[in-house]
There are 2 protein chains.
Amino acid sequence: MDTGDRLLTPGEVAALFRVDPKTVTRWAAAGRIGSIRTPGGHRRFRESEVRALLEGEGMLDEADEMGRPRNAGPTASTGPAGPANAGMY
Amino acid sequence: MDTGDRLLTPGEVAALFRVDPKTVTRWAAAGRIGSIRTPGGHRRFRESEVRALLEGEGMLDEADEMGRPRNAGPTASTGPAGPANAGMY
DNA sequence: AAAGACTCGGGTAATTAGGGGC
DNA sequence: TTTGTCCTAATTACCCGAGTCT
């Protein structure tokens, strides 16, 4: 039980999944992802849990996936520093 | 190094290939392209993988594509070979 | 204490998923 | 065999003002 779980903000998780921060909040409200609340009401997510969801660990959907590209993006720049949102409307 | 782990939405990929988002979904369902699912069930595609497909990395004989005679006898190999997966890392 | 950036909450439009048939 | 279009249901994205976190 390594408790080395970094806590991620909704914005961080949203960038990882390429979704809106509000969507991440909905997942927490729906109980699809564990969340910790700060005394002020803001949510925090466990980095280990988020990564498990990204890998699809524990849940295969379609064809088997091999290859395991290590996602080592340290998010130093806080985001793709760019087209975080590709306007398509 | 940046492997380009940006995730694209079905609509983005569809616009890149000039096809319907539904078609992209079928590719994912058929295992021809890797896909990551959000807790809500929506799919996200890796920008690097999509780009490789656009380049034609998955097709080795485009010349044969033109005069392609009827598919008469290649037994459905047990393993679809799964070339979709590019182990170039 | 003050400022900036982010998140919260609700509500509405757009996109996506899945099946069926051409 | 593959793609495009139909439908309904679910999920997601952007709008606002107010509060919280660094």
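The figures that follow rest on heavy atoms only: side chains count, while hydrogens, waters and symmetry mates do not. Just so we're on the same page: letters track the sequence lines, and every chain starts at 1. All of these numbers come straight from a predicted model, not from anything done at the bench.
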Quiz item: In degrees rounded to 10°, what angle is found between the helical axes fit to the five outermost pairs at each end of the helix from C:dA3-D:dT22 to C:dG19-D:dC6?
Solution: 60°
Quiz item: Any idea which heavy atoms bring A:Val13 and A:Val24 closest together, and the distance?
Solution: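 A:Val13 and A:Val24 have their closest heavy atoms at CG1-CG1, 3.7 Å.
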Self-check item: For A:Leu8 against A:Leu16, the heavy-atom pair lying closest together
Solution: CD1-CD2, 4.3 Å
Exercise. Let me know the distance between CZ of B:Arg43 and P of D:dA10, rounded to the nearest Å.
Key: 17 Å
Quiz item: Over how many whole Å does the gap from B:Glu12 atom CD to C:dA14 atom P extend?
Solution: 18 Å
Exercise. Considering only NZ, NE, NH1 and NH2 on the basic side and carboxylate oxygens on the acidic side, decide whether B:Arg51 and B:Glu47 come within less than 4.0 Å.
Key: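 Salt bridge: yes.
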Quiz item: Is there any ring pair (Phe, Tyr, Trp, His ring centres under 6.0 Å) pair reaching into residues 34-55 of chain A, and which pairs are they, with sequence neighbours excluded?
Solution: none
Below 3.5 Å between N/O atoms, which protein atoms pair up with nucleotides 19-22 of chain D? Just atom names and distances, please.
residue, atom, partner, partner atom, Å
D:dC21, OP1, A:Thr38, OG1, 3.0
D:dC21, OP1, A:Gly40, N, 2.9

Quiz prompt | Qualifying residues under side chain to side chain contact (heavy atoms under 4.5 Å, CB included), relative to A:Thr9, sequence neighbours excluded | solution =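 Per chain and number, A:Thr9 pairs via side chain to side chain contact (heavy atoms under 4.5 Å, CB included) with A:Glu12, A:Arg44.
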Self-check item: side chain to side chain contact (heavy atoms under 4.5 Å, CB included) partners for B:Pro39, two or more places apart
Solution: A:Phe17, A:Trp27, A:Arg32, A:Leu53
Practice problem: Apply the test side chain to side chain contact (heavy atoms under 4.5 Å, CB included) to residues A:Arg46 and A:Leu7: give CA-CA distance (whole Å), side-chain angles for both, the deciding distance (0.1 Å), then the verdict. | Solution: CA-CA 5 Å; A:Arg46 297 194 179 280; A:Leu7 291 179; 4.2 Å; yes
Self-check item: Stretch residues 20-29 of chain A: residues that reach within less than 4.0 Å of DNA chain C through a heavy atom
Solution: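 Heavy-atom contacts with DNA chain C come from A:Lys22, A:Thr25, A:Arg26.
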Quiz item: Donor-acceptor pair, B:Asp20 side chain versus B:Lys22 backbone, under 3.5 Å?
Solution: no
Quiz item: Judged by atom type as modelled, is there a donor-acceptor pair below 3.5 Å linking the side chain of A:Glu49 to the main-chain atoms of A:Ile33?
Solution: no
Quiz prompt | Exceeds 12 heavy-atom contacts within 6.0 angstrom, atom CZ of B:Arg18 | solution =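 Check fails, neighbour count at 12 or below.
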